[in-house]
Chemist: 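Before I ask anything, here is the structure I am working with.
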Amino acid sequence: MARVVLGVGASHSTLMNTHWDKVVHTGRAERFRDALREARDEIAAAEPDLAIIVGSNHFRGFWLDLIPPFTLGVGEVIGSGEAKTPSGPQKTAPEFAQRLAGELIERGTEVAISARLQIDHGQTHAIQYLLDGLAVPVVPLVVNVFAAPLPRPDRCAELGRNLTEAIEALPDDLRVVVIASGGLSHQLPWPDDWRAPDGEDEEFLVEAWLNGRGDWERYDGRRRSITTAARPVLFPEFDEAFLADLERGRLAKYTSMTTEEIGKAAGNGGQELRTWLVMAAALGFAPGRALAYSPMPEWLTGMGVAVIRP
């Protein structure tokens with residue numbers, strides 16, 4: 001029987017790759033980097049046969065012409081390679097992923113599937129830092145956290161529970177790690193609702209989100225300049241409370257929050273907390289261990305790392 005042997009949650013930011021020389025809070029940055037290495041060592045010690053990466057997509061693989069709530073990569077997986085993140089084909093487990101999709105649907109979670117999935121740093125940041133040197137096949141599970149309407153947090157928790165049941169229904173003797181990539185609090189200079197852009201920059205971003213399929217690089221320069229020019233907006237008290245609740249095994253209480261409540265408490269980037277809820281639910285909301293929390297205005301994000309054992 002296949003089984004989940006470890007859960008990991010970790011923030012991501014491409015600015016970690018490209019703006020390290022602009023970091024002022026070097027101690028915080030090093031603490032987060034070291035925690036990623038510790039989490040990577042925890043994954044290695046768990047000896048996984050594959051990793052399910054629950055993450056977001058920042059409109060480099062999904063577009064407003066079609067963006068499902070949940071999508072499972074069941075075939076080829078291609079990294080976008082933006083901002084020094086992994087690019088090109090990634091090591092995958094198509095047979096496992098295809099059977100997993102079927103088992104999820106049998107349990108009432110209708111995930112979309114992609115036989116050729118393009119992922120960006122919402123997934124590849126985890127590959128780069130948490131699976132570094134491990135050669136573990138990945139199965140990406142993309143959660144829509146940016147294009148309203150977003151899946152409800154309680155539905156994300158249901159996905160996590162069904163994910164574990166679906167894994168355990170497979171006959172293979174496989175060890176699976178579930179990684180959540182995203183969050184914690186941050187406010188992106190993006191429209192909170194793509195249907196109502198405010199100003200030229202937001203109108204440009206919505207255009208990029210709608211027309212970027214097969215041509216995302218054409219928009220990427222201005223997209224990145226809009227992001228890097230943003231004023232940092234973090235909510236450290238929320239982040240610290242969230243990680244404290246993770247350690248107590250109390251993350252289930254966040255599943256009752258609405259999209260509006262999450263945005264007010266943790267910023268529009270805080271919608272990525274859905275990935276952590278999927279992971280924590282897959283681990284039965286067991287008490288975990290926070291490895292680090294570093295509020296990083298230079299990276300526009302509250303950066304956290306945590307692990308949960310079954």
Side-chain angles (χ1 to χ4, degrees), residues 2-18 20 32-58 60-61 71-97 100 114 117-143 160 163-164 167 172 174-183 272 275-276 278-280 282-283 288-292 301 303-310:
R3 62 196 185 280
V4 176
V5 295
L6 186 68
V8 176
S11 306
H12 60 240
S13 173
T14 58
L15 298 177
M16 179 177 173
N17 289 357
T18 60
W20 191 277
F32 175 73
R33 178 199 60 197
D34 292 347
L36 288 178
R37 291 173 178 165
E38 185 178 352
R40 181 263 178 210
D41 291 344
E42 291 258 7
I43 293 171
E47 299 182 329
D49 296 294
L50 57 90
I52 297 174
I53 303 180
V54 188
S56 55
N57 190 284
H58 305 75
R60 293 186 179 88
T71 305
L72 195 69
V74 299
E76 187 178 8
V77 175
I78 304 166
S80 296
E82 83 285 5
K84 302 180 182 179
T85 55
S87 63
Q90 303 298 304
K91 185 178 178 65
T92 59
E95 183 180 350
F96 174 90
L100 181 65
S114 174
L117 180 63
Q118 180 169 295
I119 58 175
D120 65 13
H121 69 275
Q123 308 268 341
T124 56
H125 199 273
I127 295 172
Q128 183 175 16
Y129 290 102
L130 297 176
L131 300 179
D132 180 35
L134 299 183
V136 176
V138 298
V139 177
L141 178 54
V142 181
V143 179
L163 183 64
T164 294
I167 290 169
D172 314 79
L174 296 174
R175 299 170 62 84
V176 180
V177 60
V178 180
I179 299 172
S181 178
E272 290 180 321
T275 67
W276 289 62
V278 173
M279 179 274 293
L283 274 293
R289 182 164 60 97
L291 304 183
T301 305
M303 310 293 286
V305 186
V307 296
I308 303 177
R309 296 186 178 278

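Heavy-atom basis, side chains included; hydrogens, waters and symmetry copies ignored. Counting begins at 1 with the first residue of the sequence.
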Chemist: With side chain to side chain contact (heavy atoms under 4.5 Å, CB included) as the test, pick out the partner of Leu72 among Val142, Val139, Leu117, Leu163.
Modeler: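 Answer after filtering Val142, Val139, Leu117, Leu163: Val139.
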Chemist: Can you name the closest pair of heavy atoms from Leu283 and Arg309 and give their distance?
Modeler: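 Minimum heavy-atom separation between Leu283 and Arg309: CD1-C, 3.8 Å.
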Chemist: Provide the closest heavy-atom pair for Thr164 versus Ala282 in the form atom of the first, atom of the second, distance.
Modeler: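 Minimum heavy-atom contact is OG1-O, 2.5 Å.
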Chemist: I need the Ile43 CD1 to Leu130 CG distance, nearest 0.5 Å.
Modeler: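 Spacing of CD1 (Ile43) from CG (Leu130) equals 4.5 Å.
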Chemist: Run the side-chain contact (heavy atoms from CB on, under 4.5 Å) check on Ile179 and Leu131 step by step: do they pass?
Modeler: CA-CA 10 Å; Ile179 299 172; Leu131 300 179; 4.1 Å; yes
Chemist: Any chance you could measure Glu38, atom CD, to Leu291, atom CG, to the nearest 0.5 Å?
Modeler: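 One gets 4.5 Å once the value is rounded to the nearest 0.5 Å.
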Chemist: Would a 4.5 Å heavy-atom cut-off, applied to side chains only, mark Tyr129 and Asn17 as touching?
Modeler: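 The answer is yes; the side chains approach within 4.5 Å.
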Chemist: Quick check: do Phe96 and Val176 have side-chain heavy atoms less than 4.5 Å from each other?
Modeler: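 Side chain of Phe96 against side chain of Val176, heavy atoms only: contact under 4.5 Å found.
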Chemist: Is there a donor-acceptor pair closer than 3.5 Å between any side-chain N or O of Asn57 and the backbone N or O of Gln123?
Modeler: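 Checking the backbone N and O of Gln123 against the side chain of Asn57, no donor-acceptor pair under 3.5 Å is found.
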Chemist: Do the non-hydrogen side-chain atoms of Ile119 and Ile127 ever get within less than 4.5 Å of each other?
Modeler: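 Of all side-chain heavy-atom pairs linking Ile127 with Ile119, at least one is under 4.5 Å.
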Chemist: Using modelled atom types only, decide if a donor and an acceptor are shared between the side chain of Asp120 and the backbone of His58 within a distance under 3.5 Å.
Modeler: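 It does hold such a pair.
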Chemist: Does the pair His121 and Gln128 meet the rule for a side-chain contact (heavy atoms from CB on, under 4.5 Å), with working shown?
Modeler: CA-CA 9 Å; His121 69 275; Gln128 183 175 16; over 6 Å; no
Chemist: Any heavy-atom pair between the side chains of Arg40 and Leu134 that's under 4.5 Å?
Modeler: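 Side-chain contact under 4.5 Å: yes.
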Chemist: Please step through side-chain contact (heavy atoms from CB on, under 4.5 Å) for the pair Asp172 and Asp49, ending with a clear verdict.
Modeler: CA-CA 11 Å; Asp172 314 79; Asp49 296 294; over 6 Å; no
Chemist: Do you know which two heavy atoms are closest between His125 and Ser13, and how far apart they sit?
Modeler: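 Closest heavy-atom pair between His125 and Ser13: NE2-O, 3.3 Å.
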Chemist: Give, for atom OG1 of Thr124 and atom NZ of Lys84, the distance between the pair rounded to the nearest 0.5 Å.
Modeler: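 Going from OG1 on Thr124 over to NZ on Lys84, the span is 14.5 Å.
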Chemist: Rounded to the nearest 0.5 Å, how far apart are OG1 of Thr92 and CG of Leu50?
Modeler: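 That separation rounds to 10.5 Å.
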Chemist: Give a yes or no on whether the backbone of Gly182 and the side-chain of Trp276 come within a donor-acceptor separation of less than 3.5 Å.
Modeler: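 Present.
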Chemist: After noting the C-alpha distance and the side-chain angles of Gln90 and Ile78, does the key distance pass the side-chain contact (heavy atoms from CB on, under 4.5 Å) rule?
Modeler: CA-CA 6 Å; Gln90 303 298 304; Ile78 304 166; over 6 Å; no
Chemist: In Å and rounded to the nearest 0.5 Å, what is the CD to OG distance from Gln118 to Ser87?
Modeler: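 The CD atom of Gln118 sits 10.5 Å away from the OG atom of Ser87.
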Chemist: Within the distance-only criterion (no hydrogens, no angle test), does the side chain of Ser11 pair as donor or acceptor with the backbone N or O of Gly304 below 3.5 angstrom?
Modeler: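 Yes, because the side chain of Ser11 sits within donor-acceptor range (under 3.5 Å) of the backbone of Gly304.
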Chemist: For the residue pair Gly9 and Met279, what are the closest heavy atoms and their distance?
Modeler: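 Heavy-atom minimum between the residues: N-CE, 3.7 Å.
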Chemist: Provide the closest heavy-atom pair for Thr275 versus Ala180 in the form atom of the first, atom of the second, distance.
Modeler: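 Looking at all heavy atoms of both residues, the shortest contact is O-CB, 3.3 Å.
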Chemist: List the atom of Ala126, the atom of Ile53, and the distance in Å for their closest heavy-atom pair.
Modeler: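 Nearest pair, atom of Ala126 first, then Ile53: CB-CG2, 4.2 Å.
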Chemist: How long is the gap from NE2 on His12 to CD on Glu272, to the nearest 0.5 Å?
Modeler: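 It comes to 3.5 Å.
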